[in-house]
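In what follows, chains carry the letters A, B, and so on, assigned in the order in which the sequence lines appear, proteins first and then strands, with residues in each chain numbered from 1.
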Amino acid sequence: MLQTAVIKENRDWVIKALEKKKFRKATELIDEILRLDQERKETQQKMDQAQAEANQLSRQIGEWMKSGEIGKAESEKEKVASLKLEAATMQQQLELVQKQLNEALLTVPNTPCEKVPVGNGPEDNQLMRSYNPEGKILFQPLLPHWDLIKQYDIIDFELGNKITGAGFPVYKGAGARLQRALINFFLDEALKAGYVEIQPPIFVNEASGLGTGQLPDKEGQMYHMTEDRLYAIPTAEVPITNLYRDEILSENQLPIRNVGYTPCFRREAGSWGAHVRGLNRLHQFDKVEIVQITKPENSYQTLEEMVNYVAGLMEQLELTFRVIKLCGGDMGFTSALTYDFEAYAPGQKLWLEVSSVSNFEAYQANRLKLRYRTADKKTILLHTLNGSALALPRIVAALLETNQQKDHILVPKVLHPYTGFETINLGK
RNA sequence: GGAGAGAUGCCUGAGUGGCCGAAAGGAGCAGUUUGCUAAACUGUCGUACGGGCAACCGUACCGGGGGUUCGAAUCCCCCUCUCUCCGCCA
C-alpha cells in the first residue's frame, strides 16, 4: 500500500496519478486518509501522555512504598487508575482509527509511474517492440491448438474434467514431456542469468496474500481452503516475495534475484467467454516466475533487464511476439509499471498474454515491511519486481499452432535436449 | 492422534513483580594496533509511532490475545507455534 508520509507530502501528485489509473473517487479517499492520519496522530499523543503520567506516578508510588510512606502511596493509586482508564479509552479510539486508516489504504491502488501512458483499456496500450522469427513458413491450413492436442492426443480436457473439473487439463505422453522440458528450460536459463532457484509451498496463509496484495483485492480469485485457512497460490510471486516479509536486509544482500517454478491456481470467476477455449485460460497451470528485490534507485533499470531477459526466452523459442506497455486503465492494482508479452497464436489468429513483468516500487514492500538498512543505519523500503518467465499453457498453444506441419509438430531447437524428441507425431 | 518441554533482540542465552528495552557471549558495523592470513583492544549495535533543526525525549513491543496489580518479560487464563517421546505414514 501507499505510504501515508508520501501521500501527505504529495497529495495532489498522488491524486493525479491515481486518476491516470482510472481510480474513481481518488480525491475523496485521499483526503479521508489524510484526515484519519491526523486523527490517529492526535489520539496517540493523548494516549502517550496519559501513559507517561501513569508510568511516572507508578514509579513514584513504588518509591513511597519502599520508604514507608504508605499513606501517600495509597492516596495516589486512584490517580493512576483514572490515568490508565483515560489511556485505555484513547487506545480504543486509536485502534479504531488505525483500522479505518488501514482499510482505506488497502483500497488505494499503487500510483503508476510517469512512463505509464494515459488510457482506458487495452486499446490504449503502447507497442514497445515486436519480434518475428525469420524464415518461418507456416503450414496451411492452420489449426487452433485445441484441434491439434486432440489430433496428436497430447492434452486431454475430458479426462481432467472427469477427475477434477473444467480448466484442469491432463497432459499425456509427448504433451507431458513438453511441459517438463519447458519448465526445465526456463529454470536453467534463469540460473544462467544469475537467479537463485526457490521451491516454495504452493499454499499460503492470509498474511502472505495480504503482503503481495492479492488480498483483499483478488479475494474471490484464489482457491481458499477454509478448513485450514490457506490459499492456493495464483503465482509463485506470492510465496517467493513473502519470503522477505518483515525482513530488514543488509545492503550486501541486494539485489535479491529468485526464480521458482510452481503450479498456479486461479478461479477465474466470471472471466470465461468466447476467447478462452483450450489452453487460453485454465484453473491450474505451470509457470516459472522471476522475482527481484532492489534498492529504489535501481528498480527501473532492473525492470528493463527483466524485460530483455524474457524477450530472450521468447526469441529462443522462435515465437512471434510483441511487448506492450500497459496504459493506466489496463494496469494491475499493485503495479507502478507493467510490460506484457504477447505471443502470436496463428491457429486462432490471436495474441496471447504469456508474461507480465512489473515494478511494484515500494507498494508491496510497504505491506510486507520489507526494508534494507543503509550505511548510515536508516531503514528504507525496497522495491519489488516480478515477471513470468514464462507461463506454460499459452506458450504451448503458440508453439503448437506455429510449428504444426501436415502430420507432425516441430519442437523448437532449444528444447530438443530437454524433450528428447524433435517432433510430435501422429498416432503415438 | 497421545504425553511432556519450551517460545526473550541477528544468533546463543540470563532474567520470577518496580533500578529491564532487557545481563553476558557471539556475529555485524566503526576505529586503534601488529609485517600478510588472522588476532587483540575500544566503541557501536532492535523496531514502530509521536514530539524536536538536532542532541535527544515520550509511548508501545520479551510468540499472539485477555486478566491480576499502583506497577508485568516475570503471576493467572486462552490461543498459536516449535522441540522431544509414542502411534501412524510418503
Side-chain angles (χ1 to χ4, degrees), chain A residues 1-9 33-106 199 201-211 225-231 239 242-254 256 263 293 295 362 364-382:
Chain A
M1 60 189 136
L2 297 177
Q3 299 157 261
T4 43
V6 171
I7 297 176
K8 212 185 298 182
E9 282 161 36
I33 284 168
L34 291 174
R35 188 189 67 71
L36 285 168
D37 188 53
Q38 185 61 28
E39 194 182 332
R40 187 201 103 250
K41 200 190 282 188
E42 285 163 11
T43 312
Q44 195 194 327
Q45 278 169 15
K46 285 183 206 158
M47 183 185 82
D48 282 358
Q49 204 190 331
Q51 273 293 355
E53 282 175 39
N55 286 346
Q56 206 183 351
L57 198 51
S58 288
R59 240 170 277 144
Q60 183 68 57
I61 288 172
E63 279 170 40
W64 281 328
M65 303 270 261
K66 241 180 242 171
S67 64
E69 296 169 82
I70 309 292
K72 242 180 181 174
E74 287 301 327
S75 68
E76 290 298 316
K77 281 187 184 178
E78 235 173 86
K79 182 87 183 290
V80 175
S82 80
L83 282 169
K84 293 268 289 186
L85 187 68
E86 193 191 331
T89 311
M90 286 299 128
Q91 196 186 344
Q92 271 181 8
Q93 236 183 78
L94 182 65
E95 274 164 16
L96 184 71
V97 174
Q98 247 160 0
K99 197 175 155 229
Q100 290 172 340
L101 178 60
N102 204 261
E103 276 165 10
L105 281 168
L106 285 177
Q199 210 176 94
I202 58 174
F203 299 151
V204 294
N205 55 29
E206 190 184 8
S208 295
L210 283 167
M225 280 146 275
T226 50
E227 181 102 31
D228 297 295
R229 292 185 299 156
L230 295 174
Y231 293 86
N242 272 283
L243 295 175
Y244 306 96
R245 171 153 49 86
D246 290 321
E247 296 285 339
I248 300 176
L249 303 174
S250 61
E251 210 164 343
N252 61 24
Q253 289 176 274
L254 297 167
I256 301 270
I293 298 169
K295 292 198 247 176
Q364 288 183 330
N366 191 33
R367 287 196 188 186
L368 292 160
K369 295 197 180 61
L370 166 54
R371 295 149 293 171
Y372 82 104
R373 202 183 304 279
T374 61
D376 55 341
K377 315 246 181 210
K378 283 206 178 89
T379 56
I380 308 270
L381 287 175
L382 288 160

Just by distance, with hydrogens left out, do [X] and [Y] show a side-chain donor and acceptor under 3.5 Å apart?
X	Y	answer
A:Gln45	A:Gln49	no
A:Ser208	A:Asn205	yes
A:Gln60	A:Gln56	no

Which nucleotide, in any strand shown, forms a Watson-Crick or G-U wobble pair with [N], with both distances under 3.5 Å?
N	answer
B:G17	none
B:C83	B:G4
B:G50	B:C57
B:U68	none
B:A73	none
B:A30	B:U42
B:A90	none
B:U12	B:A24

Base, sugar-phosphate, or nothing for [X], non-hydrogen atoms under 4.0 angstrom?
X	result
A:Arg371	sugar-phosphate
A:Gln44	base
A:Ser250	nothing

Taking the [atom1] atom in each of [N] and [M], what is the distance between them to the nearest angstrom?
N	M	atom1	value
B:A60	B:C53	P	24 Å
B:C56	B:G66	C1'	36 Å
B:G50	B:G9	P	25 Å
B:G63	B:G25	C1'	24 Å
B:G1	B:U8	C1'	31 Å
B:G17	B:G28	P	37 Å
B:C45	B:C57	P	12 Å
B:C61	B:G87	C1'	40 Å

Whole angstroms only, please: what is the [atom1]-[atom2] distance between [X] and [N]?
X	N	atom1	atom2	value
A:Leu230	B:C81	CG	P	11 Å
A:Ile380	B:U47	CD1	P	13 Å
A:Lys8	B:C49	NZ	P	11 Å
A:Leu370	B:A48	CG	P	13 Å
A:Asn205	B:U80	CG	P	15 Å
A:Asp246	B:G46	CG	P	18 Å
A:Gln91	B:C61	CD	C1'	12 Å
A:Gln253	B:G28	CD	P	14 Å

Salt bridge (charged side-chain N to carboxylate O under 4.0 Å, His left out) contacts touching residues 45-68 of chain A (sequence neighbours left out):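 Checked against salt bridge (charged side-chain N to carboxylate O under 4.0 Å, His left out) - neighbours excluded - no pair reaches residues 45-68 of chain A.
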Any donor-acceptor N/O pair under 3.5 Å between B:G58 base and A:Asp48 side chain: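 Flag set: donor-acceptor pair detected.
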Could you tell me whether the side chain of [Y] reaches within less than 4.5 Å of the side chain of [X], counting heavy atoms only?
X	Y	value
A:Gln100	A:Leu96	yes
A:Glu95	A:Lys99	no
A:Thr379	A:Arg373	yes

Most 5' of A:Lys66 and A:Arg373 on RNA chain B, judged by nearest nucleotide: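 Final value for this comparison: A:Lys66.
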Residue closer to the 5' end of RNA chain B, A:Glu63 versus A:Gln49 (nearest nucleotide):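 Final value for this comparison: A:Glu63.
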Of the listed nucleotides B:C29, B:C49, B:U47, the one nearest the side chain of A:Ile248: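 Given the options B:C29, B:C49, B:U47, the side chain of A:Ile248 is closest to B:U47.
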Any side-chain N or O of [X] less than 4.0 Å from the OP1 or OP2 oxygen of [N]?
X	N	value
A:Lys41	B:G51	yes
A:Asn55	B:A60	yes
A:Gln51	B:A60	yes

Nearest atoms (heavy-atom pairs only) where A:Arg367 meets A:Met1: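 For A:Arg367 versus A:Met1, the nearest heavy atoms are CG-N, 3.2 Å.
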Closest non-hydrogen atom pair between A:Met47 and A:Leu94, with its separation: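 What the structure gives for the nearest pair is CE-CD2, 3.9 Å.
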Nucleotide-resolved protein contact map, nucleotides 62-72 of chain B, B/S/- at heavy-atom distance under 4.0 Å: --------BS-
A:Gln253 and A:Ser250: CA distance, side-chain angles, deciding distance, side-chain hydrogen bond (donor to acceptor under 3.5 Å, both in side chains) verdict: CA-CA 6 Å; A:Gln253 289 176 274; A:Ser250 61; 3.3 Å; yes
